[in-house]
Structure formats: structure tokens, C-alpha cells
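Working notes, beginning with the structure itself.
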Amino acid sequence: MIDSDLAITRMVLFEVGQLERPLVRWIAEMKQVDPRVFDKLQQAWLERYEQKISSCYKITQQPLLQNVTLAHMPLAAAMMPELLNRQSLPRPPAWYRSFARTYQTNALGFITSSFLPKPVRMSDGSYYNRTPNNLREYFYSFSDSGTSLPDEKWFDQALQDCEKMERDIPHLLWLAREMVLREDAASSTESMDSRLELFQVPEAPQPSLKTLARYKEHLAKPEGIKDLEFARSFVREAFESSEKILTSWHLLKQPSLYRAAILPRFVRLVTGAVSRTQSVRKVAEAFLLSPSLYSFRFGGGENNGIMRLGRQKGLRYKNPPPVKSVKPDCHPCSSSLSSPTISSDIIAGCLWMIAAAADAVDLEWLLPACKKALAAEDVAIFNRLVATVGLIGTPDAIRGMVRLRARVRHATMFNAQERSLAKAAAASGLTTVEAEELLAQEYELDSTSCHRLNLPDGYAAVLSITGSGQGSIYYEGEKGDRISKLPPFVLEQEKCKALLKSMRSDAKAISADMLVHRYRLERSWLTGQTWTLRAFIERWLNHPLLGWLARRQIWLVAEPGGSIRTCLFGKEATTVYDPDGNKAPPLHPDTLLSLWHPLQKMSDDCKGSVVARWRETLERLDIRQPIRQVWRETYTITQAERESSPSSYRYAQRILGQAQVIEIGRKRGWRIRTLTAHIPSSEGAPWSLIIPAHGIYAEFRTGGVGYNDLGRSAPAFTHIMTDRVRFCILKDRGDWRFDGGRKLTPMKKPVRLADIDQIVFSEVMRDLDLMVSVAASNLKFDASSIQAVPELGKWRRQQGLADIALPDEPHYGGLAQSRRQIIEALLPSLQEKGAVTLDERHVIVTGRLHQYRIHLGSGEVIMVPQYRHLTLETLSHSTREEDIGDYQPLYDDDILNSILYRIALLQKDHKIRDKNILEQLRDE
């Protein structure tokens with residue numbers, strides 16, 4: 001675009017604005033006469049015209065007559081008051097009166113004169129360059145609220161958009177302009193860029209071997225590296241663009257990007273028309289003669305700057321392939337030939353080229369892009385991104401996908417991520433689990449799981465692991481003593497800032513990694529994972545990160561002689577301790593290890609309960625387990641379940657908050673579909689937990705309740721209703737350890753509960769207990785009336801669920817029982833500060849002012865004898881620890897920590913100063 005062409009275009013658009021504004025005012029005046037004035041004028045003219053045609057040509061066939069007359073509607077009809085039986089109508093602009101008189105149709109001769117004579121046409125290839133055939137369509141092309149055709153303001157904004165887009169997203173702008181070029185039938189194929197053909201790939205979440213081979217071959221060519229850089233820049237722009245391109249690949253629907261893309265073609269059309277007519281005025285009138293082509297009303301919203309120009313047809317190939325014959329539609333006028341078109345969605349092709357290059361540098365932006373697509377729940381983009389990361393397949397790629405897996409909740413996205421992770425691991429000859437262990441990062445931690453960073457002036461920062469595996473930083477002073485914060489003169493140094501920023505990043509990454517390792521190790525009870533002693537020492541004990549976790553857990557040891565016992569590892573890999581905390585004999589080199597579960601029987605049970613002995617030892621050694629073992633809740637099959645087998649109704653007939661239970665269940669690996677009122681068929685798919693190591697899967701039936709409006713636009717149910725749990729057969733036609741479970745096939749054949757491994761049964765029931773406990777604790781139903789659950793009978797999905805009886809108090813299951821055992825063990829230290837006793841389901845605290853009952857299931861507090869609910873603020877984890885100050889064996893039970901805090905608070909109720917609490921404690 002040259003300056004003279006831009007100046008000419010602006011002159012034309014200025015003239016367009018001068019012509020359109022008085023026309024819009026006149027249209028508004030006409031609608032004040034009658035809101036449907038143009039419809040009525042059209043109908044009146046057509047009736048009169050049909051009579052003339054019929055009488056002159058003796059036409060009686062009504063369909064033919066209507067088609068003929070509609071094509072001969074003159075714009076002058078808008079100035080005929082007699083059609084409405086009126087004396088006068090508002091007077092239109094002078095230019096319109098002249099235009100309507102000049103371009104009349106030869107009605108009786110069935111020939112219409114062209115409203116846009118050929119010398120004035122904006123583009124010979126566009127069939128839109130004529131005035132609309134009917135009066136109403138013409139006038140409704142103009143906006144009542146203001147300018148609807150491009151004018152000088154639109155032009156100035158387009159110039160600004162061009163400058164901004166070329167600076168910020170040049171590659172997306174290239175694609176948008178290529179789309180405009182290829183949609184224009186009058187444009188030459190010589191001006192097209194063949195790069196668009198390069199990135200055309202089949203629609204699939206993963207590339208085929210043929211596609212990867214094609215890109216690898218292209219990368220070997222001289223222009224290959226240049227195209228690779230384009231692909232990288234294009235994908236990065238797509239994810240960093242403020243235009244939200246990620247959610248819609250229709251680039252020309254973005255107003256600013258459309259204006260920047262269409263402007264070069266627009267300038268070319270305008271200047272070409274001016275050069276042919278030698279008149280700015282005539283070209284401006286051409287806009288008013290064919291407003292439907294340039295009106296913004298057709299851009300998906302009024303006045304958004306998008307026209308029909310360049311938005312009509314599919315994209316053309318630069319070198320089109322042969323036309324393929326397709327099955328004709330049922331319509332008799334449909335064509336049996338289909339013109340091939342090209343896609344503007346090239347992000348998949350760009351990603352497959354990046355995957356073919358397999359450069360680890362790309363992971364720096366690909367992994368954040370995966371997180372962004374995951375947050376946006378863009379399934380198609382996420383699946384392609386993780387496929388690209390998996391094909392790069394470096395250790396950093398595997399680590400990134402392992403961290404990503406902990407965030408994935410969508411089933412389709414989870415499956416795609418698992419397949420990509422399995423392929424990346426299998427390429428190295430490893431299972432997914434082995435890859436996670438061997439590639440675990442060390443973060444420069446030493447054998448004590450710490451990293452000391454020397455700072456200026458003798459100060460130091462130490463990165464360590466605390467809690468259940470959180471990265472933590474503390475500081476040391478000049479004398480080596482621990483200090484709360486660094487002095488300002490140290491923090492202000494640039495070198496110190498950079499070092500601390502890097503350490504904070506490592507601390508955050510350690511927390512994320514440990515969350516993944518903890519969950520994976522805990523799920524080893526379901527996956528059946530075991531280790532040889534040599535592999536365990538190499539992968540776990542000698543690793544500064546995994547070793548911290550391994551030395552806090554109890555391990556089951558199966559020795560060659562057949563003896564089975566438990567042990568705890570010391571600082572040295574060869575040092576082991578028995579359940580009493582005494583040093584045990586060294587392990588045999590052929591020993592097989594696995595994570596110990598309280599339901600497993602061992603040969604050292606003869607000396608007393610192993611669980612009780614380990615509890616005393618861990619408390620004496622002040623060891624807090626990141627994964628609870630000695631305090632773990634266990635669940636065994638009841639007699640009622642044996643009678644109802646293969647189904648268990650232990651957690652049936654419960655009302656749960658759907659949002660809470662879904663969040664918990666998906667974190668535990670359950671595949672859960674949100675229940676919505678407008679898709680009742682979704683309830684045909686129960687929640688499921690895949691357990692391929694045992695060849696089974698667990699399913700949990702649910703139904704939606706709690707929503708009155710049952711229309712198609714209804715949102716998700718607020719609550720759900722639970723039914724049976726059962727286990728079914730799972731077939732694997734591949735190997736789930738290497739293929740990410742791609743060939744797992746759920747069968748509907750149930751398995752007897754008595755045939756389920758007791759640990760598998762216990763862990764599944766523990767998951768369900770956790771969901772029910774947390775989700776039910778926030779519900780406030782009226783237990784005396786079923787009306788507390790709207791439309792329950794109408795929306796019940798399983799037989800018998802309508803007869804549900806709501807519980808009188810919050811759920812009390814295995815978690816609550818575990819809390820009771822822990823508090824019972826801590827009772828001597830708790831009673832030192834005041835009277836604390838236990839009944840079956842409550843902790844009873846006697847303070848100076850009142851007596852309180854704290855429910856072990858929900859943590860809720862009731863004042864007695866008033867039996868009034870006491871609302872207490874839930875404080876942060878760190879605050880509760882400081883106030884309690886006693887040994888707590890668990891980190892993963894916030895309700896337990898809340899109960900302990902409330903015990904300490906209510907024992908000293910006479911010292912409470914919080915006004916909200918004091919108001920509740922006041923006697924009525």
C-alpha cells in the first residue's frame with residue numbers, strides 16, 4: 001500500500017460517510033411514520049405490480065409470478081406515498097432521489113438495468129455487486145444507530161490495526177491476509193503463499209507416521225528451517241494473542257485482525273474503481289448501491305467493522321488437486337462435483353512440524369501452552385499440544401507431562417495425555433512409572449534433602465522439604481543462626497535477587513513434584529508396583545527428593561526365604577528399623593519391596609499389632625508420614641455387602657454437593673461426568689475408577705437432584721444422589737504399562753465383592769468415603785422433609801432412590817473413625833489444658849463458659865445444653881499448628897486439624913476476644 005492509494009481510499013470513504021449519514025436520518029424519519037413502513041411499501045408495490053404483469057402477459061401461475069415481480073422492485077417505490085394511501089412521505093436525500101430515478105427497471109420487459117454499470121463495479125468476480133432485489137433488504141442493510149458502511153473513521157482505525165497487528169502478531173496477520181486473498185475469486189493464484197498448503201494435515205489428535213516423515217523430509221531442505229521458525233512463531237502468537245484466537249480459529253471474526261487483513265485488498269479495489277471511473281463520487285455511490293456487501297451488520301454484530309467482503313467462500317488452493325466426485329444431495333439442483341478447499345486452521349500442521357524437529361528448546365513455551373489450553377478446556381488444542389510434547393520425548397518433556405497430569409480433569413484430555421506420556425516413556429524402553437522415578441529432578445538437593453545457597457555478607461538461604469513434601473526456604477545469619485528474613489541491604493543486590501528468584505521457583509516446583517510422587521506412590525496399592533532392593537536404593541533412597549519421601553513411609557519386605565515383614569529406612573540405605581524402632585538385620589539383595597498397607601498380614605504380627613507398634617514408634621521419633629499408613633482408614637466387606645453382592649449399597653442414598661464431590665473425585669483419579677438437567681442420558685455413564693493391574697474397574701452410580709428448571713438451557717445439578725457401587729471386568733488388548741491404557745476395554749460383567757482384593761476394595765471405599773464426607777459436610781437439608789431436595793421423585797434415576805431418608809447428622813465413616821483414634825492417642829496431652837472426653841462420634845470439651853460437642857465427621861461445634869450451633873472461622877494450616885503445638889501424625893486431613901484447633905480454642909473460651917464468637921457465646 002502506497003500513500004497515494006491510501007489517500008484516494010480515504011477520500012472515497014469520506015464521501016461514503018457524507019452520503020450515508022443523511023440516508024440514515026431519512027430512514028429513521030420513515031420508521032417514525034410506521035416501524036414497518038418498508039415492508040408495507042414493498043407489499044403494496046408487489047400487489048400492484050403483479051396485477052400489471054398478469055393483465056399484460058396473462059400469467060396465472062402464482063409461484064412464477066412472485067419470482068418475476070420480486071426481481072423488479074425499484075428503489076423509487078420508497079418515495080410513493082400513494083402505495084400507503086398517504087398524501088406525502090419524508091423527503092429523501094437529493095442523491096437518493098437522483099439515483100432512484102436514474103436506475104429504473106424495465107418491468108414489463110423482464111429485463112433489469114444494472115444498478116452497478118460494469119465500469120463502476122468494485123470487483124468483477126463478485127456477484128454481490130448489485131443492488132438488493134427487494135426494498136426491505138436494501139434499507140435494513142443500514143444501521144439505525146449510526147454508520148454501517150466503512151467511512152473515514154473505519155479507515156483510520158484499520159490503519160492503526162495494521163500497524164499494531166504487524167508489530168504484535170505478524171504471523172497471524174499473514175494467515176488472515178492469506179484467507180482474504182484466497183476467498184477473493186478475482187485474485188490471482190500467483191500471489192498466494194504455498195506455505196498454507198505445507199501445513200495442511202489430516203484432522204486427528206496425533207500425527208500419522210506419514211505426516212511426520214513428510215515434515216522431516218521438508219526440514220532437510222534449505223527452506224525447512226525457515227518454515228520451522230514460522231511454525232514456532234505462529235503457535236506462540238496464537239497462545240499469547242490478546243485476540244483470543246485460541247477459542248476461535250475464524251480469524252476474520254476478530255474485528256481488529258479483520259480490518260488489518262482486509263485493508264490491502266480493500267484499497268486495491270477502491271483505487272482500481274477510481275482509476276476506471278475517474279470519479280471519487282461514483283465509487284462512493286457504488287457503496288450505497290450494494291450496501292449488503294459492505295454493511296457491518298453482516299459481521300456478527302452491529303458496527304464491529306466486519307463486512308461481507310472476503311467472507312463468502314471457502315479458501316482456494318494455489319495448485320488445486322483434481323475435483324473429486326461426491327454423492328449428490330437430495331436437492332435436484334445440487335451438484336455432483338465438489339470444489340476442493342483448503343483449511344485456515346494450520347496450528348496442527350505447525351505443531352507436527354515442531355514435533356518432527358524434536359528440539360527440546362521448544363518445551364519452554366509448549367508446556368505453558370499446555371497449561372493455558374487446559375485452563376481454557378480446549379480439548380482439541382490440548383490433545384495436539386501434549387502429543388507434540390510426547391513426540392519430543394526428552395526427560396524434561398516427560399517431567400512436564402507428569403506434572404501436567406495432576407491437573408487434568410477432563411476424561412478425553414486425560415486419555416490423550418496418558419497416551420503421549422506412555423509413548424515418550426516407551427521410546428526409552430520404560431514404563432510410565434519407571435520414567436517418572438528415573439527422571440525425577442534433584443533440584444541440587446544434598447543427601448539431607450537441602451540446598452544451601454550462600455548470599456553476600458555471610459548470609460545464606462536454605463531450600464528444604466517440609467510438611468507433606470512442600471518446598472520451603474529459610475534464612476541463616478552471619479553466625480549460622482536461623483533468621484526470619486534477610487536484611488534490606490542483602491535483598492537489594494541484583495545478584496541476590498536473581499538467586500532467590502531461582503530458589504523460589506525450585507521450591508514451587510518441588511511442591512508440585514512431590515504432590516505427583518505422593519499420589520503415584522499411594523496408588524501403588526492399586527497398581528501393584530514393587531521394587532527390587534537394588535532398584536529401590538537407586539531410584540528412591542539415593543535420590544534427594546524421593547529419598548525424603550521414602551524414609552517417612554513403612555515398607556513391606558518379602559525376602560527370598562518367604563518371610564514377610566515391615567521396616568523403616570534410616571539415613572543410610574543399609575540401615576533399617578523394625579516396628580519397635582530397633583535396628584533390624586540388613587535386607588537380602590534379592591528382597592522385593594512394596595508400600596505397606598495396614599490390611600497386609602506379616603510374620604512379625606506375632607509380637608503384637610504391627611499397626612499399634614508403628615504408631616508408638618513414629619510418635620516417639622516424631623515422624624509425620626506424607627502418606628498416611630499407620631493411621632489409614634481400612635474398609636472390609638460387611639455381611640450386608642456379601643448378601644447384596646456384586647453391588648455394595650454402603651454409600652447409597654446420600655445427597656452430595658456435585659461441585660465438591662467432582663473436585664475431590666477427579667483428583668483421586670475417578671472419571672466423573674458432570675450431571676446436567678438437559679442431558680439426562682449422561683447419567684447412564686457411572687463414575688469409574690480404572691484398576692488395570694487387577695483387571696477390573698469400579699463404578700459408582702449417581703443421579704442428579706436439586707434443580708427445578710428442566711429446560712434445555714438448564715445448568716448442572718446442584719446436588720447428586722448416590723446409588724450402588726460395583727466392580728466389573730476390564731480387558732486389556734495391549735499393555736497398559738506401556739501404551740497408556742489405550743487398549744483397555746471396560747466390560748459390563750460384574751465381579752463378586754468377595755473376589756476383590758481386600759486392599760483394592762478398601763482403597764476404593766476410602767475414596768468414596770472421602771467424597772461423601774467432604775461433599776456432605778457442607779449440606780444443610782431439612783431432615784424432616786423430603787422437599788428439601790427439589791424434584792427428587794421426578795428426577796430419580798435408579799429404582800428405590802425416591803425413598804431416600806436424609807441423615808440426622810453429617811456423614812460419619814472411616815475418616816471420622818480414624819480421627820477418633822488419633823485424638824484418643826493425643827487425649828493425655830489435650831487434657832492437660834482442660835477437660836476433654838470422647839463419646840462415639842464427638843469430642844466433648846468443657847470450657848469455663850460452656851460445654852461443646854465437636855462432630856468428628858464434619859468438625860461442626862454444638863453448644864450444650866442449648867444445642868446451639870457455633871460458627872467458628874477456619875484458620876490457615878500454619879496458624880492452627882502454632883496454636884496447637886502438639887504432635888500431629890497427619891498432614892492431609894484439614895478437618896482433623898480444624899478439630900484440634902477448636903479443642904484448644906474452646907478450652908480457653910474465657911479468653912476469646914473475637915466479637916463474632918463472643919456474640920454467639922452470650923447466654924440468651
Side-chain angles (χ1 to χ4, degrees), residues 203-207 232 234-249 345 347-348 350-352 354-355 360 362-425 432 435-436 439 441 505 508-520 523 658-674 687-690 716 740-742:
E203 181 69 21
Q206 293 191 357
R232 288 168 170 161
F234 180 86
V235 177
R236 294 183 72 171
E237 283 181 12
F239 283 92
E240 296 170 0
S241 172
S242 60
E243 295 288 341
K244 299 181 180 179
I245 305 298
L246 187 62
T247 59
S248 173
W249 280 102
D345 187 356
I347 190 170
C350 292
L351 286 173
W352 301 158
I354 294 169
D362 292 320
L363 295 174
E364 296 178 3
W365 60 270
L366 279 173
L367 289 172
C370 289
K371 294 178 182 178
K372 187 173 182 179
L374 178 61
E377 295 187 353
D378 193 325
V379 178
I381 295 296
F382 176 83
N383 291 349
R384 288 173 172 83
L385 284 169
V386 295
T388 305
V389 173
L391 288 169
I392 293 177
T394 63
D396 287 336
I398 295 176
R399 292 190 195 103
M401 285 193 290
V402 169
R403 293 176 185 171
L404 197 65
R405 182 172 59 183
R407 303 186 180 190
V408 179
R409 300 290 181 263
H410 192 284
T412 303
M413 300 165 80
F414 182 83
N415 292 338
Q417 194 270 350
E418 284 294 279
R419 287 195 296 269
S420 297
L421 179 59
K423 282 186 177 181
T432 302
E436 292 174 12
L439 300 177
Q441 284 186 288
S505 177
K508 186 176 181 180
I510 286 174
S511 300
D513 282 1
M514 286 297 289
L515 184 65
V516 173
H517 294 311
R518 281 171 47 203
Y519 176 77
R520 176 171 53 81
R523 276 320 197 203
Q658 179 164 215
Q660 299 99 317
V661 77
I662 285 179
E663 179 66 19
I664 297 169
R666 287 178 176 171
K667 284 183 178 179
R668 302 294 298 174
W670 286 75
R671 300 182 181 182
I672 301 177
R673 180 179 295 181
T674 303
W687 300 356
S688 62
L689 179 66
I690 306 299
R742 184 168 56 91

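Computed from heavy atoms alone, side chains included, the values below leave out hydrogens, waters and symmetry copies.
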For residues [X] and [Y], report the shortest heavy-atom separation together with the two atoms involved.
X: Ile381; Y: Ala373; answer: CG2-CB, 4.1 Å
X: Ala355; Y: Leu391; answer: CB-CD1, 3.7 Å
X: Gly393; Y: Ile398; answer: O-CD1, 4.4 Å
X: Gly740; Y: Ala422; answer: N-CB, 3.1 Å
X: Trp352; Y: Ala204; answer: CZ2-O, 3.8 Å
X: Val235; Y: Cys350; answer: CG2-CB, 3.6 Å

Any chance you could measure [X], atom [atom1], to [Y], atom [atom2], to the nearest 0.5 Å?
X: Arg405; Y: Thr432; atom1: CZ; atom2: OG1; result: 6.5 Å
X: Ile347; Y: Glu237; atom1: CD1; atom2: CD; result: 11.5 Å
X: Asp378; Y: Cys370; atom1: CG; atom2: SG; result: 11.5 Å
X: Arg399; Y: Glu436; atom1: CZ; atom2: CD; result: 12.0 Å
X: His410; Y: Phe382; atom1: NE2; atom2: CZ; result: 10.5 Å
X: Met401; Y: Leu367; atom1: CE; atom2: CG; result: 8.5 Å

message: What I want to check is whether the side chains of Asn383 and Arg419 have a donor and an acceptor closer together than 3.5 Å.
response: no

message: Going by side chain to side chain donor-acceptor pair (under 3.5 Å), name the residues that satisfy it together with Gln417, two or more places apart in sequence or in a different chain.
response: none

query: How far apart are the C-alpha atoms of Leu515 and Tyr519, what are their side-chain angles, what is the distance that settles it, and do they pass the side chain to side chain contact (heavy atoms under 4.5 Å, CB included) test?
result: CA-CA 6 Å; Leu515 184 65; Tyr519 176 77; 6.0 Å; no

message: For a side chain to side chain contact (heavy atoms under 4.5 Å, CB included) check, start with the C-alpha distance between Leu366 and Leu351, then their side-chain angles and the critical distance, and finish with the verdict.
response: CA-CA 10 Å; Leu366 279 173; Leu351 286 173; 4.1 Å; yes

Check: [Y] and [X] side chains under 4.5 Å, non-hydrogen atoms:
X: Pro205; Y: Thr412; value: no
X: Leu404; Y: Met413; value: no
X: Gln206; Y: Ser420; value: yes

message: Please evaluate residues Arg232 and Trp365 with respect to the criterion side chain to side chain contact (heavy atoms under 4.5 Å, CB included), reporting the C-alpha separation (whole Å), side-chain torsions for both, the decisive distance (0.1 Å), and the verdict.
response: CA-CA 10 Å; Arg232 288 168 170 161; Trp365 60 270; 4.2 Å; yes

field: Steps toward side chain to side chain contact (heavy atoms under 4.5 Å, CB included) verdict (Arg523, Arg668)
entry: CA-CA 9 Å; Arg523 276 320 197 203; Arg668 302 294 298 174; 3.7 Å; yes

Residues that Val516 engages under side chain to side chain contact (heavy atoms under 4.5 Å, CB included), provided they are two or more places apart: Val402, Ala406

